[in-house]
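This report refers to the structure that appears directly beneath it.
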There are 2 protein chains.
Amino acid sequence: MNIGEASSASGVSAKMIRYYEEIGLIRPMGRSGNNYRVYGEEEVHILRFIKRARNLGFSLEETETLLKLWQDKDRESSAVKDVATAHIGDLERRIAEMQGMVKTLKHLAHCCGGDNRPNCPILDDLAGNGVGDVPVPAAGRKMHA
Amino acid sequence: MNIGEASSASGVSAKMIRYYEEIGLIRPMGRSGNNYRVYGEEEVHILRFIKRARNLGFSLEETETLLKLWQDKDRESSAVKDVATAHIGDLERRIAEMQGMVKTLKHLAHCCGGDNRPNCPILDDLAGNGVGDVPVPAAGRKMHA
DNA sequence: CTTGACCTTCCCATGATGGGAAGCTCCACA
DNA sequence: TGTGGAGCTTCCCATCATGGGAAGGTCAAG
């Protein structure tokens with residue numbers, strides 16, 4: 001099976017399959033006489049594993065860890081669970097951050113007439129003239145040295 | 001005021017201030033005799049506006065639009081509201097996507113012993129042997145578009 | 001033999017940010 | 001007056017995962 005077929009069988013683009021090989025996520029594939037990469041069911045299975053891990057938001061680095069654990073018959077399931085749990089925490093942090101943004105934005109949008117007049121509390125808020133609650137202080141880092 | 005001072009006054013790093021200038025988000029600053037960029041209150045105000053827009057998750061492109069609307073005294077507030085509303089929708093879509101991931105992951109993690117035995121439903125699921133309800137049908141939902 | 005669909009490698013772009021090098025300027029202090 | 005260091009300048013590189021596209025080889029069907 002050539003790369004195109006492996007691609008449609010796994011849902012991973014040919015471009016990405018080559019990239020995964022380049023960064024060492026998957027082993028370099030054997031080549032047929034014409035220098036084309038050759039794939040078997042085994043490889044497609046691995047690619048599908050990667051695809052699913054990516055769909056769940058795991059980074060390629062985390063995916064690599066999971067892949068190694070998958071192939072390690074002596075793994076401890078706690079190692080897998082740890083990776084998953086950390087990822088859940090990461091997702092929840094990002095979700096909370098975005099929810100904060102949505103909350104503020106909805107409040108501002110609600111206060112904005114959205115008509116043909118220039119008066120706009122959204123811009124007022126961005127300009128520093130808050131309409132109420134102000135999110136994300138987030139500024140004061142490495143200043144002044 | 002030099003770039004370092006403008007940076008701590010606005011919360012935008014000097015690196016980013018130069019970058020914003022480079023991509024045309026802000027006008028090139030005047031230079032003093034020593035070739036240092038010179039900033040005034042006006043510019044710091046603009047940088048703070050950008051900072052706040054970024055904190056609310058607006059892209060630099062959206063920020064540019066908002067900035068122009070801010071400076072356009074004849075704007076219609078509906079234009080601003082449209083940008084904000086579209087962004088809210090975008091955030092909500094991403095939140096929903098991540099919540100789906102979290103839901104699946106929590107289910108899997110819940111089913112995983114997390115002990116010293118190799119048996120692991122998380123890996124089983126990634127390998128294609130679902131543990132029950134499994135969203136993300138690898139073939140059905142096109143990431144690409 | 002030609003055409004077109006594949007495959008190969010290589011380079012570039014994305015978005016927003018940081019790191020760091022090499023070289024300049026400025027200021028304070030001895 | 002010299003010197004050190006902080007701060008400024010530009011330039012290049014890295015991130016993360018992905019796609020676009022060019023230039024060229026290969027294969028199968030017409």
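Note that these values count all heavy atoms, side chains included, but never hydrogens, waters or copies made by symmetry. Here is how names work: the chains are called A, B, and so on, in the same order as the sequence lines, proteins then strands, and each is numbered from 1.
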Measure the acute angle between the ring planes of A:W70 and A:F49, then classify it against the limits of 30° and 60° as parallel, tilted or perpendicular.
parallel
In this structure, how many angstroms lie between the P atom of C:dT17 and the CG atom of B:L60, rounded?
6 Å
Give the rounded distance in Å between these two atoms: CG of A:N35 and P of D:dT26.
9 Å
Would you mind telling me which residue lines up with the more 5' stretch of DNA chain D, A:Y19 or B:Y39, judged by nearest nucleotide?
B:Y39
For B:S13 and C:dG18, is the shortest distance between a side-chain N/O and OP1 or OP2 below 4.0 Å?
yes
Main-chain N/O of A:E97 paired to A:R93 side chain as donor or acceptor, under 3.5 Å
no
D:dC8 C1' sits how many Å from B:R18 CZ, rounded?
7 Å
d(CG, B:L56; P, C:dA16) in whole Å:
15 Å
Distances under 3.5 Å only, N/O to N/O: pair up the protein atoms with those of nucleotides 24-28 of chain C.
unit_1: C:dT25; atom_1: O2; unit_2: B:Y36; atom_2: OH; d: 3.4
unit_1: C:dC26; atom_1: OP1; unit_2: B:N34; atom_2: ND2; d: 3.3

Measure the distance from CD on B:E22 to C1' on C:dA16 and round it to the nearest whole Å.
12 Å
Polar side-chain atom of A:H87 near backbone of A:L56 as donor-acceptor pair, under 3.5 Å:
yes
Taken to the nearest whole Å, NZ/A:K15 to C1'/C:dT9 is 10 Å
A:D90 atom CG is separated from D:dC16 atom P, nearest whole Å, by 13 Å
Which is more 5' along DNA chain C, the nucleotide nearest A:N2 or the one nearest B:Y20? Just name the residue.
A:N2
Mind checking if A:R37 touches a base, just sugar-phosphate, or nothing, with heavy atoms under 4.0 Å?
sugar-phosphate
Within this structure, what is the CD1-to-P distance between A:I3 and C:dA5, rounded to whole angstrom?
19 Å
Decide whether A:S77 and B:N119 meet the rule of one side-chain donor and one side-chain acceptor closer than 3.5 Å.
no
Looking at A:N2 and A:G4, would you say the former's side chain and the latter's main chain have a donor-acceptor pair under 3.5 Å?
no
Across the strands shown, which category fits B:R54 at heavy-atom distances under 4.0 angstrom: base, sugar-phosphate, nothing?
sugar-phosphate
Judged by atom type as modelled, is there a donor-acceptor pair below 3.5 Å linking the side chain of A:R37 to the main-chain atoms of A:R31?
no
Salt bridge present between B:R18 and B:E22 (N-O < 4.0 angstrom):
no
Picking from D:dA17, C:dG18, C:dA16, the nucleotide nearest the side-chain atoms of A:M16 would be D:dA17
